[in-house]
Amino acid sequence: MISWPKELTKLLKKAFVQRSSFQRKMSKAFSSFYRDAFNSEAYLTFCTSLYGRSLPQFNLIDSDQWDLFLEELKGIPKRGSDRFLDLGCGMGHNTLEVSKMLKLSGVGVDFSEDAVKKGKKLNINELTDVTFRLGNFHDPFFLQKNEKYKIIFSLDGLYGLKDWEDMLTLLLDRLEVDGKILIFYSSILKEYEEEGPLAKALKSLKRKKNGVNFIFRSYDFTKQEEVLLRRTDKLLEDFKASFKKEGLDGLYKTKKDECKKGLFWHQKKRTKRLFTVIEKVSF
Ligand SMILES: C[S@@+](CC[C@H](N)C(=O)[O-])C[C@H]1O[C@@H](n2cnc3c(N)ncnc32)[C@H](O)[C@@H]1O
């Protein structure tokens, strides 16, 4: 019998505890953002000026990216019984909009308690069949058994994934044939890399025999992201006083830090923003 070295057990336990506590901190940070953003007039006006849509969004999806997303959604053959899944749904504004537009039922998953609460609250007066629920992508069982979807999307929600291949394998398994997975994702590249972890994982899965048959394509929005971050940074200055008036300096700072970090990597040419569309051809 192979004996499991005690030191290794200790190290694994420590890594697990550190990872869980990091996840808890992350989800709390998102929750605090959502508590501030949900009712803020300043944030809503700021987002409307920036993105041209009247909702308090928390992603880097400009109007061109949103239009392309809608076009891709419209191209999917759908029946009334089909369902969609929104990964990292935040406060659910986009989840509900997709449901209304496609007339489909769906599920929004997020690990922030406040995001899920806000999603449920928004949903009360809507005539849509959308369920918001708590779930963490790092939990291999975050999707219920036998859940299947025609559309799976993530609008800047799949951050901090350690194993893209595992996640994609799970999502492809839960995707119906002819369905699509649509992912907006900005990655920080290692010095020698030209593509992010998502493209790398998809290519690796494609090489594997006995896998699900799928095709994929990516739209590169790296340049647009840099432009958006510069606009955001500038616009934040115009809104600084309005945030202060509402006592939401923290919101201003979070967005300011996001710009600073993003622009740092753009300057180094070590970031890539892709909109990736994966179509399941057959099992
Ligand atoms: C940048 S926000 C995007 C929110 C939303 N998709 C939108 O477009 O407004 C990222 C979201 O992903 C969620 N998230 C991040 N890591 C997660 C994880 N491991 N499990 C579940 N949700 C996660 C966060 O709570 C947050 O709501």
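Computation of the quantities below employed the complete heavy-atom set of this structure, encompassing side-chain atoms and omitting hydrogens, waters and symmetry-equivalent molecules. We count ligands from 1, going down the list as the structure has it; atoms in each ligand are counted the same way.
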Contact (N/O only, under 3.5 Å) between [X] and ligand 1:
X    : result
V109 : no
Q57  : no
D156 : no
D86  : no

What atoms of ligand 1 come closer than 4.0 angstrom to any heavy atom of [X]?
X    : result
S112 : 25 (O)
H138 : 19 (N)
L155 : 3 (C), 5 (C), 6 (N), 8 (O)
N59  : 7 (C), 8 (O), 9 (O)
Q23  : 19 (N)
G157 : 10 (C), 12 (O), 14 (N), 15 (C)

Check this for me, if you would: do [X] and [Y] make a salt bridge, where the nitrogen-to-carboxylate-oxygen distance has to be below 4.0 angstrom?
X    : Y    : answer
E237 : K256 : yes
R79  : D178 : no
E72  : R217 : yes
K234 : D238 : no
E194 : K272 : no

Where is the nearest protein heavy atom to [atom]: which residue, which atom, and how far?
atom                    : value
atom 14 (N) of ligand 1 : F111 CE2, 3.4 Å
atom 18 (C) of ligand 1 : F137 CD1, 3.3 Å
atom 24 (C) of ligand 1 : D110 OD1, 3.4 Å
atom 19 (N) of ligand 1 : N136 OD1, 3.0 Å
atom 2 (S) of ligand 1  : F58 O, 3.4 Å

In this structure, does ligand 1 have an atom that sits under 4.0 Å from one of the heavy atoms of [X]?
X    : value
Y34  : yes
G160 : no
G135 : yes
H93  : no

Stacked cation flag K150 on F84, 6.0 angstrom / 45 deg: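 No; the conditions do not both hold, so K150 does not lie above the ring face of F84.
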Please lay out, stage by stage, how R133 and F142 fare under the test side chain to side chain contact (heavy atoms under 4.5 Å, CB included). CA-CA 10 Å; R133 68 170 197 241; F142 84 95; 5.7 Å; no
Under 4.0 Å, heavy atoms only, figure out whether ligand 1 is touched by the backbone of [X], its side chain, both or neither.
X   : value
S27 : neither
I61 : neither
F30 : side chain

For atom 6 (N) of ligand 1, state which one of C47, G90, G88 supplies the nearest heavy atom.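 Ranked by closest heavy atom to atom 6 (N) of ligand 1, first place is G88.
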Specify whether F239 and F46 have parallel, tilted or perpendicular ring planes, treating 30° as the upper limit for parallel and 60° as the lower limit for perpendicular.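 Perpendicular, since the angle between the ring planes exceeds 60°.
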Ring-plane angle category for F38 and H93, please: parallel below 30°, perpendicular beyond 60°, tilted otherwise.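 Aromatic pair F38/H93 classed tilted.
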Count the heavy atoms belonging to other residues, nucleotides or ligands that lie under 6.0 Å from NZ of K200, then report whether that count exceeds 12.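 No, not enclosed.
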Answer yes or no: does atom CD of E126 have more than 12 heavy-atom neighbours from other residues, nucleotides or ligands under 6.0 Å?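 Counting other residues, nucleotides and ligands, CD of E126 exceeds 12 neighbours.
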Walk me through whether I278 and L168 qualify under side chain to side chain contact (heavy atoms under 4.5 Å, CB included). CA-CA 10 Å; I278 306 157; L168 290 167; 3.9 Å; yes
Just so I know, are the side chains of L236 and K240 near enough to count as touching, which here means a heavy-atom distance under 4.5 Å?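 The answer is no; the side chains never approach within 4.5 Å.
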Same apolar cluster: F137 and L143, side chain cutoff 4.5 Å: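 Shared cluster, yes.
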